[in-house]
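Following: one structure in structure tokens, then a few remarks.
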Amino acid sequence: MKNFSKIMPNPRFNHQLASMVCLSNSASNTQNILEEAQTSPRIIVVTSGKGGVGKTTATANIGMSIARLGYKVVLIDADIGLRNLDLLLGLENRILYTVMDVLEGQCRLDQALIRDKRWKNLSLLSISKNRQRYNVTRKNMQNLVKALANLNFRYILIDCPAGIDVGFINAISPAQEALIVTTSEIPAIRDADRVAGLLEANGIYDIKLLINRVRSDLIKKNDMMSVRDVQEVLGVPLLGAIPEDNQVIVSTNRGEPLVLKKKLTLSGIAFENAARRLVGKQDYFIDLDSPYKGVFQKIIDLFDRTTNDEFKS
Ligand code: ADP
Ligand code: MG
């Protein structure tokens, strides 16, 4: 039998969050309202239809890049069943409390926020250490992001369960924007399309696409759909394309996002560019003056040849 007391939101938590929200609402003068509007965070859910396509890798790298650009960022690990954002960021040993503990009144929200030591404006928040995914309701998620907004986070990135997962709807509920991650494989693209529909059905229309694990050699042989083809099939604006890169595995094992490497690999550059584009700092194609111009230009040329379009990354 279901334990309904576990499903019900903890009134203490909601009260704590609600009072924090009320504090900001009481700001009555126009200046404050304007400041609030300017500082209200962008809440972006990183999602996919198919699992294992690179959501967590993208959340860690894009989140870290945005933090390096100077914004205060919090990454929420809402993929409770397959939680591993902490590992990718190398923060797994520092998680003492999760949102579940906040909900149960065991700790304050700021105690569950883990600050990255490398970039102090980046924080990680895990929803739960175990598979109690049904315990976090839509209302909980919405109150949570309101409380995070009051802590002045500018970007809230939610690493979401795959789109058909039960936790998906709750995880996306506070988001205004979505980043759909897909590979160029047909099943992943089909599922990405379903997720785009689900997002729209839930009122999220600002959707962007990140195509991961792109292999120019396969595209060249017509064994993989090109970046442009995938984007056209899905009809979602492209934020970036990330090449297949063995360094992703190395960085995962080290707990150090690719974008922190002194000498960026192609996927590191691609993630960084996607992050810059997301914050509106880069609305152009790859920087041809980059030190990687030689190698990178070759790849762009390959995509150009196969897609007749510029490879955005
Ligand atoms: P998800 O969060 O969607 O389940 P992950 O980010 O955990 O996916 O990635 C799934 C696997 O794919 C991981 O083993 C990761 O190292 C690998 N991976 C992700 N992106 C790339 C890439 N661009 N190149 C090579 N391997 C990748
Ligand atoms: Mg994941």
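Remember, it's 1-based here, ligands and their atoms both numbered in the order they're listed. Worth saying up front: this structure is predicted, and the values here are computed from it rather than measured.
Arg94 CZ: more than 12 foreign heavy atoms inside a 6.0 Å radius. Atom CZ of Arg190 is surrounded by 12 or fewer heavy atoms from other residues, nucleotides or ligands within 6.0 Å.
Inside a 4.0 Å radius of atom 14 (O) of ligand 1 there is not any protein heavy atom. Put simply, atom 21 (C) of ligand 1 has protein non-hydrogen atoms near it, under 4.0 Å away.
Distance check for Thr56 against the Mg ion (ligand 2): an N/O/S atom falls below 2.8 Å.
Pro243 counts as a contact of ligand 1, since one of its heavy atoms falls under 4.0 Å from the ligand. Residue Ser267 places every heavy atom at 4.0 Å or more from ligand 1.
For the residue pair Lys129/Thr98, the side-chain donor-acceptor check at 3.5 Å is not satisfied. When only modelled atom types and interatomic distance are considered, Ser126 and Asp77 share no side-chain donor-acceptor pair under 3.5 Å. Side-chain atoms of Ser173 and Asn170 include no donor-acceptor pair closer than 3.5 Å.
When hydrogens are left out, the protein atom nearest atom 4 (O) of ligand 1 is Gly52 N, 3.0 Å; that is the closest non-hydrogen contact. With hydrogens left out, the protein atom closest to atom 12 (O) of ligand 1 is Arg213 NH1, 3.0 Å, a heavy atom. The closest protein non-hydrogen atom to atom 6 (O) of ligand 1 is Thr57 OG1, 2.5 Å. When only non-hydrogen protein atoms are considered, atom 24 (N) of ligand 1 lies nearest to Asp245 N, 2.9 Å. Atom 1 (P) of ligand 1 has its closest protein heavy atom at Lys55 N, 3.5 Å. Of the protein's non-hydrogen atoms, Val248 CG1, 3.5 Å is the one closest to atom 16 (O) of ligand 1.
When side chains are defined from C-beta on, Phe153 counts as touching Leu113, because their heavy atoms get closer than 4.5 Å.
Under a 4.0 Å N-O distance rule, the pair Arg194/Asp191 qualifies as a salt bridge. Between Glu272 and Arg68 there is a salt bridge, since a side-chain N of the basic residue sits under 4.0 Å from a carboxylate O of the acidic one.
Comparing Thr56, Thr47, Thr183 against atom 2 (O) of ligand 1, the shortest heavy-atom distance belongs to Thr56.
At under 3.5 Å, a nitrogen or oxygen of Gly54, whether backbone or side chain, sits near a nitrogen or oxygen of ligand 1.
The side chain of Asn212, and not its backbone, has at least one atom closer than 4.0 Å to an atom of ligand 1 (non-hydrogen atoms only; side chain from C-beta on).
Hydrophobic clustering of Ile, Leu, Val, Met, Phe, Trp and Tyr side chains at less than 4.5 Å, counting indirect connections, unites Val181 with Leu258.
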